[in-house]
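The block underneath contains the structure these notes are about, expressed in structure tokens.
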Amino acid sequence: MHDHMDIRAVVGLNVLRIRRERSLSQEELSFQSGLTRAYLSGLEAGRRNPTIVSLSKLADALGVEVEDLVH
């Protein structure tokens, strides 16, 4: 089971990896997800607590399932 610090790091690393696999900049992902670039930056760095809504928006924008972002 992940604790809160671990899950933030896992989500951040997954978003970063998948974004790079898709050759998207943070700005492009921001536009596609409706989330700010500052929020994405903090999320990828593991400093933000992602909400269910933000995870859903990111998954849609990246073409993956929410589960792919949290495992």
Side-chain angles (χ1 to χ4, degrees):
M1 181 100 184
H2 295 297
D3 68 26
H4 296 299
M5 294 300 288
D6 287 342
I7 194 72
R8 284 197 307 234
V10 167
V11 169
L13 290 171
N14 284 331
V15 170
L16 177 63
R17 175 181 53 79
I18 296 167
R19 177 175 65 76
R20 286 181 173 166
E21 287 173 358
R22 304 286 190 271
S23 299
L24 293 170
S25 67
Q26 282 184 347
E27 194 164 323
E28 289 168 319
L29 182 56
S30 170
F31 180 76
Q32 291 182 16
S33 67
L35 301 167
T36 67
R37 199 196 61 74
Y39 178 84
L40 292 173
S41 178
L43 190 74
E44 288 182 355
R47 292 190 309 266
R48 298 272 184 160
N49 282 320
T51 65
I52 296 296
V53 172
S54 64
L55 287 172
S56 179
K57 288 179 177 182
L58 283 167
D60 286 347
L62 292 167
V64 297
E65 300 295 325
V66 170
E67 291 79 15
D68 297 320
L69 300 178
V70 297
H71 292 305

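Residue numbers start at 1 and run along the sequence shown.
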CZ/R37: more than 12 non-hydrogen atoms of other groups inside 6.0 Å |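 12 or below, so no.
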Can you tell me if CD on E27 sees more than 12 non-hydrogen neighbours from other groups inside 6.0 Å?
->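 Incorrect, the count does not exceed 12.
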What's the spacing between R48 CZ and S41 OG if we round to 0.5 Å?
->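 Result: 8.5 Å between the selected atoms.
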Roughly how far apart are E44 CD and L29 CG, rounded to 0.5 Å?
->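 Reported value, rounded in 0.5 Å steps: 7.0 Å.
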Linked, directly or transitively: L55 and I18 (ILVMFWY side chains, under 4.5 Å) | yes
If two hydrophobic side chains count as joined below 4.5 Å and joins carry through other members, does Y39 share a cluster with L16?
-> no
Looking at V64, V11, V66, L43, which hits side-chain contact (heavy atoms from CB on, under 4.5 Å) with L58?
->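 Considering V64, V11, V66, L43, a side-chain contact (heavy atoms from CB on, under 4.5 Å) with L58 is found only for L43.
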R22/E28 salt bridge by N-O under 4.0 Å criterion = no
Any residue meeting side chain to side chain contact (heavy atoms under 4.5 Å, CB included) with D60, in chain and number order, not counting sequence neighbours =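 Result, side chain to side chain contact (heavy atoms under 4.5 Å, CB included) vs D60: S56.
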Compare all side-chain heavy atoms of V10 with those of H71 and state whether any distance is below 4.5 angstrom.
->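 No, their side chains stay 4.5 Å or more apart.
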Below 4.5 Å, heavy atoms only, C-beta onward: do V70 and N14 meet side chain to side chain?
->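 No, too far: nothing below the 4.5 Å cut-off.
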